[in-house]
Structure formats: structure tokens, C-alpha cells
Amino acid sequence: MPAYRPEEIEKKWQAHWKQHSTFQTQNHSDKPKYYVLDMFPYPSGAGLHVGHPLGYIASDIVTRYKRLKGFNVLHPMGFDSFGLPAEQYAIQTGQHPALTTDKNIETYVQQLSSLGFSYDWSREVRTSDASYYKWTQWIFLKLFNSWYNLDTNKAEPLTDLTARFAATGSDGIRAAGDDGDRLSFSAGQWQLFSEKQKLAAVLPYRLAYQQDTYVNWCPGLGTVLSNDEVKDGLSERGGFPVERRLMPQWNLRITAYADRLLAGLDQLDWPDAVKEMQRNWIGKSIGAEVTFPVQGSETAQIKVYTTRVDTIYGATFLVLAPEHDLVNELTTGAQRAAVDEYIAATKRRSERDRMTDVKAVSGVFTGAYALNPVNNEPVQIWLADYVLAGYGTGAVMAVPSGDQRDYLFAQHFGLPIPAISDAQKDLDQQADPTKEGRYINSGIINGLTYKEATPKLIAFLETQGLGKGKVNFRQRDAIFGRQRYWGEPIPIYYKDGTAYGIAESDLPLILPEIDEYKPTETGEPPLGRAANWLYKDKYPYELSTMPGWAGSSWYYLRYMDPTNEARFVSEEAEQYWGSVDLYMGGAEHATGHLLYSRFWYLFLKDLGLVSSGEPFQKLINQGMILGMSAFALREGNTSRSNTLLVAGSREPVLLNFGGHDDAVRAAFYSADSLAGKLFHSGKLEPEEGRASKFGQRHVPIDFIKGDHNLDAVGQIEFEKWLGERCVFVCDTTFWYDGVCYDIDTQKPAEKPEAFLVIREVEKMSKSKYNVVNPNVLIDKYGADALRLYEMFLGPLEQYKPWNTNGISGVSGFLKKLWRLFHPEDGDLAVTDELATPAELKVLHRAIQKVQEDIEKFSFNTSVSLFMITVNELTALKCHKRAILEPLVLLVSPYAPHLAEELWQELGHTAGSISHADYPEFREEFLVEDTVTYPLAINGKVREQMQFAVAATAAEIETAVLASDFLARFGEGKSAKKVIVVPGRMVNVVV
RNA sequence: GCCAGAGUGGUGUAAUGGUAGCCACGAGGGACUUAAAAUCCCUUGUCUUCACGGACGUACGGGUUCGAGUCCCGUCUCUGGUACCA
């Protein structure tokens, strides 16, 4: 074999692995198990870019390393194949999303294979396969047929609940959820209920339940979005406006698990940032619910939630959310008009306005008063949109001296701001939420401290029946329904207007074929188009489908037993694999997928279907690899607003966006429309306010740096690349057909002087023209080089910009490694000579360090060490089997193709490297000759002194005493004691 | 605003509290070559010195320590998350 040819070697081994199913894993083994999981991707049409494989490479290294260390490793891959983009594409083209998805998956599998990942492809799952989503639907039915018993603190089958209804009625049942929606009835009444009444009574107990809910309705997409899918009041996909709307929705009662989801975090080996995000998301707060009776009413009362019940004497008014139930009843005649107007104004304000307009104080007085339960003082009742209907009770007691928001409100409307603690300061300027000091103006708690006051007040309120301690969560139940086609059908049908779960034996409920993928003319979801889609030919099905996170909430279980038709996973397989030992994926799923998965797992555990405590023991977030975008700026321009033209658009769109150093970004533009506009209709005018809607477009960096620059050559080159006519526009000039024109006159102009190329680092994305395709790099350098380089870039968890330049370094390393085996690029030439101590030292340092590094996921430092090792062995002219064979094993997780090839050349069976044993580390080869310790007298370092590295503390002591240092530094005294800090310092006490 | 995390050469980065900058990229110089590619060798934190050397250097200001990039306090900047959550 001549020179190192990665392309040949890699093809050969990828084919070998595939043909021999080298990485197929058994569900039983004498070896200990280890489960390494990547977050499975959505197969987008754009294919993989260099950022995607980062985590896959790292997990593959761990997988291969663990195999060498004697583990039975499960390392599967699959596809989260339901999702919006395929559906959008279907709406545009009429092509069935399944076709698009299959095509994309094919590309993904090809790309993943070309990187040499050791997945067990026989276990591949796709969430859009009926054989998979059958079980997603099955779990949904389990949720639908369960309730959460607060007495046992777990989910239980609904049949247990109905049995209790029949025996003792609804009294004494404590279930998670809002009791306000539930009926109260006796056992006798229950017996008399019709079937429909029974189901209606049970519905508010179910873990999957239907309810009128305020949702993020996106008219542009014709669907409901989760909070995670809305950014700044616009849909994350497409950037369409989103509004609040009350709609009947399927919900999952994740709030029942809030406490357990919170407590479980402590046991997990996850990044602190992710745990903290989940904690904040769940948002547990400990406080009290206090009832304020309404003045002049026998029955009306307002419940507020507060975490600072100790400040209740400073509560000078109440504020209700405009949506609060009692608003109508409370409002007095005189205030009616003002209140109605305020509520109308609030409805007009979109969620987005509310968010961006946080500082403005608005509100209206209802005219009504409530009585402060601790002192019977009347307090005004106001409405304001800063109080959220969905949190707590939708009403707050306002304590202007203790809460800045209440303070601003009081100041704005001229309400009193009484002090309540002797420690409060500067109340003429701002609120002081201190818990220090002792209370004043505070009735029964005057003179007490915070710690004393809170329990006393809660006790007092409880005896009056006007309050109690209460825990609140910020987290809401998860909305579980999309008005979409390309998702799992919800296995529900309607009989007489009541929802029924379909029988388990009738699963899967297959997604029906429809002719168009849009909502129907009457506004029903796309499934409304399915002809004769009826359960038992009679009953209409639920028309919404499950959200994207449904299938991904349990896929890691299916990998354990992917083809089981009788069960979602067999008991034996589930018990053997347990939970995921290492989960690799992006931090962006912290409060979505990772929380939902834990929720489903806890639920399945309550039903006795899974056996571990948590699904993912260790989590690593690989950082994102960012793309480099470039903009050409002309220096010194300050006059015109910054203008960017959008690429690829048929419509001429001029965008205005925030200034970048007072310079103008260059842009390119589809020539079809622009040329016409430029040449026939006169001056270009920037159009305001559309930037956020259309986003920015970018020029690929290769076309404005280096030779091309932003000029005629660049413009023509860029056209070739883009495959369509285009115009470069910059400031007052533009290029078209290689000629520079003035924008205002459209006459040929002088080429502008200097351009500055500004680079910006941002997410890699097709629309930003900053994508680096891994295939190109694999073709040029090989997959092993790409794998090594991605690891070499820096710490795995770090976000970093992609830069292809450095790849030549790792490529050189592979060539040098090859040359250790093939000096002069000839045939394999390793010798059986005995290794020298120097060579053994190099090898064993590498064994030690690489092993340590993989265990702590520090892959970049390992790659550095490989390079040092090869450099040193080259310098030693070491071509000995005794050194090189272990080195191959060491490198094999990182560069598997090259390692396999060398392993075979060394005389081993083809493909056997993955079953070899990781080389053993031996410390004796690492011994240094001497080591230098700082030598201190009474803690003051006076000298550096050399000792044999193997010396014991006693030997060092002798050496120190024998030295002449005391004569020089000890002022003639003798040593009382010699303290040896191992490896650090020798301290002599005199 | 609040909660995390991070600030080290031209760049990516490395450094159990113990010689800061390992390993690479880039740059400069050299060898080989008709030439190029490939490969190999040397230099490369800043300032200063003909040179040997010296001084200064891990965002900024303090502190602990014999010794701080690392630990503590404060400030600034950046990144991510989150937001009228009562």
C-alpha cells in the first residue's frame, strides 16, 4: 500500500461494517451494559452541515472506547420524522410529506455513514412509522385513562377513580389539577349519572384532558404553537404573528409532576445550567393564598396569591387581571365606561406589545373596595394587565412600599405608599423589598422579624378561614394538539359530542391520506379533509394531531426493542438496558424535550411499565458550531440608512435594519426583479420596518474576501454559484453584468474605493449562506480527519465558529501516523524489536491521558496529545510493533477507519478492532528522573531543590537535612520538622 | 431586571494553586524542486537590548497565599436562558 489514501480506506471499512453488521448489539451479554444516545435529528431537506456531527462524533468516540473497555454498548440512531417543514413543503408542492421525509432520511443515513459512526442501524426508529406511533398513541391512551392521586402521589388508572366514585362519591378524593372544574357528587348521584355525565365528570381528572385554554394561535401557519415555538410574539418558523386565543385543546397534566420533576433533578448528572433552566421553568414558589372580602357584599371575595404575606399590612390596593371572573360584578356604574374601555384596549394589545411595553404603567379603578383581612381597612380594587390571569389566582395584593412594580403603579395613580418595616429606606424614590428590620404599622406583627411574622400571620389567617399557605408553580399544563397533518393522529373519537379513547386493539390509528395539506375552507385542521374517516364507520375522529415532542418523549425506550409488535418495549429489554447512561444533545431542548421525556418516564413508572428512576442519567450538551457570515462595508459612510437587499426573492424587497458602525452592508439581489426596477423605475428607496419579518440575507464569505472582493468579478462569480442572475448593491452603487453603476442615476460609475469585510458569527443556516458541508471536507481530507478536527476545535460544550483552515493540522497528523507504519510510504514496515524506556514512556503517557480525557469528555486535549505522541515517535524513529499496535487501539475511537486498516495490516482479522482490548496503562514506564520542589523555611520559599521522583517523604527529609541550606538560610538554627507537601513543596520549620 | 456561564498571543486553544501560552492554525525565514504541490527545519506574547539578558504580561481594581490564569470580594464586557410569576 502506497501513501495514505483516506477515501479508499474509508469506503472499504464503511462497506465492511455494513456488510458484517459489525455494530449490531444484543440484548443480553456477560459484559456490563452501557447506553450511549444521541438526540435524534429531524431530517431536514438541507442535510447535515459541519455543526450537526459534533455531538455524534463525541458520542461515537465514547461508544467505541467503551466497547474496547469491555462494555456491551447500545448506540442507536433514528429520526424524529414528523414535523413542520415537510408539511410546509407538502402544502407548496402537493408532495406527500412521507415522500419528502423518506428522501431526506436517505440523505441523512448516507451522510452519517460517511462519517463512520458505529450505530446499530438495525434498531433505527422513525416517529412517523405507524409501527412506532402506534405506541405513541398507546401511551397517550394510558394518559387519557389515568388520573393523578395526590394521596399516593402517583398516577393511577381511571378505573380506580370511578370505582371510588361509585363507592363513596367525589368526597375525599385529592387529585392533581384544578378542583374548580370538578363536580361534587355522592355515590348515589354517580350511579344515576348517564354515561355522558359520567365521562364529563371524569374528564377534569384525566392526565390527558380537553379544556378551553388560552393558546398561541398562529393564523399564518393555521395552527397552535407551544410557548417554545414562539419568539418575540412571532412564530419561530416562518416569523408569522401569533395571538392569544381561547380554544378547546388537548392538554397533558404535566403540572401534576412538577414537584417530582423538580426533586429528580438533584439526582441527575446534568449540566448545572440545564438543571437550573428546568428549575426556573417549573418555577416553584412558596407563599400563601389570602382572601379579601369585597366591601358591601355578602358573598363576593377576592383570592390573591403572595409570597410575602408578611407585607400584608402594607397592601393598600388589589389588582386583578382584566380577564378576572369578578370584574363585571365589581365594577361600579361610575367606572363602567372606563373599565370596559380598558379591557377592550387590553384585548387589542397583542402579547407582543405587552412584552415590549413592560415599562409603561396602565390600569383602571373598578370603583369597588375590598377589606384587608388583617385589619379590615378598605382597599381599592384595580385592574391592570401586568397581572396575569394564568398565574396564581389572577389577582394580587399590591404592597407599594415593598414591590417596585406596585410602587410605580401607586405613584402613577396617586395611591398611598406606607412603610411597613423600620429597615425600609428611600421610600420617596423606590420600593424596598427588604426582609430585614422589624415591622411597623403592622398590627399583630409590629416589632416582629420576618421569620417570626410569616408563620404568625398564616396561622392567624387560617383560624379566620381567610388564608392558607400555598405552593405555586409557574409551569402550565402542556398543550397537546396541533391543527396539522404531519403528526400522530390523536386516538380519540367523538360520540354524541363526548370524547372517547379508541380501543387499544384498534391501534395504530393510521394517518389518513388527504388530497391537500391545508386547513379546510371552514377552518378545520387538514384532517377534516379525510373522506369517510370514522371510527367503526360511525364516529368522527379527533382532527388535531400530536405536537412534535410526542414521539421524541419515549423513543429512547423503543431502541431497546424496536421491532416488538406486542409491547412498546419488552420487560426484559427494558430491565436490561435501564436508562440512558450518556445522552448527547443540544442545550436548546432543556425545557422542552428533556422535560417532557422525564414527565412521560415518571408517568410510565407510576404504571409500572419502566423500572429506573429517570430516563437520562448523564447529559452532555455539545456546543453549537457557528457559521461565519460576511458583509462588505464601505468605510466612512454616515449619510444613508443601512440598506440590504434580499436574495432569491422575486419581489424587490429593500430592508432597513439597525446601523452597523454607520456603514452600509453590501448585498446581492435577484436580478430578475431588481434590474427592472433599477433600470426602468428610477431610484431605489429603502423600505422601513420589514427587516424583522423577512430577516437578513447574507453574502457567502468566499465571495467577498480574497480575490473576488465585492466587485465585478465577485458579482459574476457569485451568479455562477447562485445559479441565477444577481446584482450586488452597496451604498450608492451596484454591480450588474460586471459593470458598476450609480444607484441614483443608473449610469456607469467609478468603482468605490475601499471595502471593509465585516464578519459576523451566527448560527449555520442555509438561508444565511454560511453553511459548510461536511461531504466536501470528507472528500478532501477524509472522515477521520474531519472527526479529529471537530474534536480538536475546542471544548465539546463550547459554542465556536467554524473555521476550516486548521484541518490541515489533523490531516498532517494522520499522514504522520501512517508513515510510522509505512516509512517512505512503502509497505508496512514494523519491527519486533523490544521497546526502549523512552518509547514506552511516550506510549504510556498517551494511554493514561487519552483514557482520562475520554472519561471526562475532554476530547480536544486528547487530539493534541496524539499529535505530540506521533511527533515524538517520529523523532525517535520508532517503528516497533510493541509501541505502534497499542497506539492503533488508542486512536481507533477517534479515527476508526485508519485504525481498522492498520489493525488489519498488522495481521489481525478484518473488523476485529472493535472487539479488541484497550491497552493497559502501566505507571512504571512514566517515572521521571527528578522533580523540583520549592524549598521553604517557615513557609517562606527560599530555593528550588531537586529530588528523585520516587523519593519517599522520609528520603526527602534526609536529603533536606543533609543539604547545606540551613547553614545558608536557617540563621544557624536546626530543623524542628520537615513537612513534605507531595509534589508541591518542602517546608522546613526551624 | 433576574439566573447561569465565560473573558489568556494575530486565531482556535492548553495549563491537579507551582516555570503561563502545550498542540495546532496563520505569518516570516530556510531546505528539497526547473517550478509548483507535498514534505522537512528554524522563528513567532509585548517592550527593551548589537547580543547575553532584562522588564512587563491571563478583562479591570482589590484580597488570601511562600506562590493566583486558577480561590475570595467588587467592577466592566460578552454569551446563553428567562421575564410584569405577585
Side-chain angles (χ1 to χ4, degrees), chain A residues 3 227 271-281 283-285 287-290 304-309 311 315 318-319 321 354-355 357-363 384-388 390-399 402-406 408-409 433 472-476 587-588 590-591 621 623-624 626 761 788-789 792-795 797-813 815-816 819 824-825 852 858 860-871 874 931-944 981-985 987:
Chain A
N227 284 329
D272 287 339
V274 173
K275 290 207 236 182
E276 200 55 31
M277 266 189 253
Q278 292 208 346
R279 283 194 194 101
N280 292 339
W281 192 259
K284 183 175 185 170
S285 78
E289 198 171 88
V290 183
V304 302
Y305 178 73
T306 178
T307 54
R308 287 295 302 276
V309 69
T311 63
L318 301 186
V319 188
R354 278 205 197 182
M355 273 164 57
D357 199 16
V358 168
K359 294 284 176 307
V361 177
S362 77
D385 64 4
Y386 79 77
V387 178
L388 305 176
Y391 183 79
T393 58
V396 303
M397 64 176 209
V399 183
D403 181 285
Q404 184 61 16
R405 200 186 38 214
D406 295 342
L408 291 173
F409 195 87
N472 245 330
F473 294 95
R474 194 186 79 103
Q475 185 176 37
R476 305 267 70 89
E588 67 272 20
T591 54
N621 294 129
M624 198 181 289
L626 304 166
V761 169
L788 278 163
Y789 184 54
F792 182 67
L793 271 179
E797 308 197 53
Q798 194 163 301
Y799 280 56
K800 53 216 162 209
W802 177 263
N803 177 1
T804 303
N805 293 340
I807 199 168
S808 61
V810 290
S811 180
F813 155 74
K815 287 178 194 163
K816 286 180 205 167
R819 234 173 282 131
E824 312 299 323
D825 280 341
E852 249 176 47
S858 172
N860 54 326
T861 51
S862 279
V863 179
S864 293
L865 193 83
F866 283 141
M867 294 187 188
I868 296 170
T869 304
V870 167
N871 285 345
T874 306
V931 65
T932 303
Y933 287 132
L935 198 57
I937 297 173
N938 293 337
K940 283 255 186 251
V941 172
R942 297 296 179 87
E943 197 179 14
Q944 303 283 324
V981 183
R984 288 288 162 265
M985 188 177 77
N987 187 19

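This one's a predicted model, so the numbers in the text were calculated from it and none came from an experiment.
- Nucleotides B:U49 and B:A55, compared at atom P, are 16 Å apart to the nearest Å.
- Look at the C1' atom in both B:U43 and B:A38: the space between them is 22 Å, to the nearest Å.
- Between the CZ atom of A:F813 and the P atom of B:U39 there is a distance of 15 Å, given to the nearest Å.
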Sugar-phosphate or base contact per nucleotide [nucleotides 23-32 of chain B; S, B, -; heavy atom under 4.0 Å]: BSS-------
Stepwise side-chain contact (heavy atoms from CB on, under 4.5 Å) test for A:V870 and A:R819: CA-CA 10 Å; A:V870 167; A:R819 234 173 282 131; over 6 Å; no
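- Separating the C1' atom of B:U44 from that of B:C25 is a span of 13 Å, rounded to the nearest Å.
- Contact annotation: A:K815 side-chain N/O to B:A38 OP1/OP2 distance is not under 4.0 Å.
- Against the 90° criterion about 0, the sugar-base torsion of B:G9 places it in the syn range.
- Comparing atom distances between the A:Y391 side chain and each of B:A14, B:A86, B:U39 picks out B:A86 as nearest.
- A:A384 meets the side chain to side chain contact (heavy atoms under 4.5 Å, CB included) test with A:V319, A:Y342, A:Y386, A:F409; sequence neighbours excluded.
- Spacing of P atoms, B:G12 relative to B:C66, comes out at 37 Å, to the nearest Å.
- Here B:U82 presents its P atom at 22 Å from NZ of A:K284, a figure rounded to the nearest Å.
- In this structure A:F813 satisfies the ring-ring contact (aromatic ring centres under 6.0 Å, His included) test with no other residue, sequence neighbours excluded.
- Both key distances under 3.5 Å define a Watson-Crick or G-U pair, and stretches of 3 or more such consecutive pairs in RNA chain B run B:1-7 with B:76-82, B:10-12 with B:23-25, B:26-31 with B:39-44, B:45-48 with B:53-56, B:59-63 with B:71-75.
- Remark: A:P795 engages A:Q798, A:N860 in a side chain to side chain contact (heavy atoms under 4.5 Å, CB included) (not counting sequence neighbours).
- The salt bridge (Lys or Arg N to Asp or Glu O under 4.0 Å) check on A:K284 picks up A:D259, with sequence neighbours excluded.
- Rounded to the nearest Å, the gap between the P atom of B:G30 and that of B:A35 is 14 Å.
- For A:N621 and B:U79, the CG to C1' distance is 15 Å, given to the nearest whole Å.
- Among the nucleotides B:G81, B:A83, B:U13, the one closest to any side-chain atom of A:R474 is B:A83.
- In this structure, A:W802 atom CH2 and B:U11 atom C1' are separated by 15 Å, rounded to whole Å.
- Considering only residues two or more places apart in sequence or on other chains, A:S862 meets the side chain to side chain contact (heavy atoms under 4.5 Å, CB included) condition with A:V850, A:D853, A:Y894.
- Under the rule for a salt bridge (Lys or Arg N to Asp or Glu O under 4.0 Å), the partners of A:E276 that lie at least two apart in sequence or sit in another chain are A:R279.
- Residues passing the salt bridge (Lys or Arg N to Asp or Glu O under 4.0 Å) test with A:D403 are A:R405, sequence neighbours excluded.
- In this structure, A:V309 and A:M397 have side chains that are not in contact, with every pair of non-hydrogen atoms separated by 4.5 Å or more.
- With rounding to the nearest 0.5 angstrom, the CZ atom of A:F792 is 10.5 Å from the OG1 atom of A:T861.
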Considering only nitrogen or oxygen atoms on both sides, find all protein atoms under 3.5 Å from nucleotides 4-10 of chain B and state each distance.
none

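- The shortest distance between the side-chain N/O atoms of A:N472 and the OP1/OP2 oxygens of B:A86 is not below 4.0 Å.
- With sequence neighbours excluded, the residues that form a side chain to side chain contact (heavy atoms under 4.5 Å, CB included) with A:R474 are A:W281, A:Y391.
- With hydrogens and angles ignored, the 3.5 Å screen pairs a side-chain donor or acceptor of A:R308 with a backbone N or O of A:P433.
- Taking the P atoms as reference points, B:A86 lies 32 Å from B:C71, given to the whole Å.
- Nucleotides B:U77 and B:A59 have their C1' atoms positioned 8 Å apart, rounded to a whole Å.
- As rounded to whole Å, 8 Å separates atom C1' of B:U13 from atom CD of A:Q798.
- To the nearest angstrom, P of B:A83 lies 13 Å from CD of A:Q475.
- When each of A:Y305 and A:G794 is assigned the nucleotide of RNA chain B with its nearest heavy atom, A:G794 is the one assigned upstream, toward the 5' end.
- Between B:A86, B:C84, B:C3, one nucleotide has an atom nearer to the side chain of A:N280 than all others, and that is B:C3.
- Taking 4.0 angstrom as the limit, A:Y386 places none of its side-chain polar atoms (N or O) nearer than this to OP1 or OP2 of B:A86.
- With C1' as the reference atom, B:G45 and B:C22 are 15 Å apart, rounded to whole Å.
- Judged as a side-chain hydrogen bond (donor to acceptor under 3.5 Å, both in side chains), and not counting sequence neighbours, the contacts of A:E289 are A:K470.
- Mapped onto RNA chain B by nearest heavy atom, A:T307 and A:T861 fall at different nucleotides, with A:T861 at the one closer to the 5' end.
- Distance CG/A:L793 to CD1/A:I807: 9.0 Å, rounded to 0.5 Å.
- The CZ-C1' distance, from A:F473 to B:C85, rounds to 13 Å in whole Å.
- The side chain of A:R405 contributes an N or O atom lying less than 4.0 Å from OP1 or OP2 of B:C85.
- Rounded to whole Å, atom C1' of B:U79 lies 12 Å from atom CE of A:M277.
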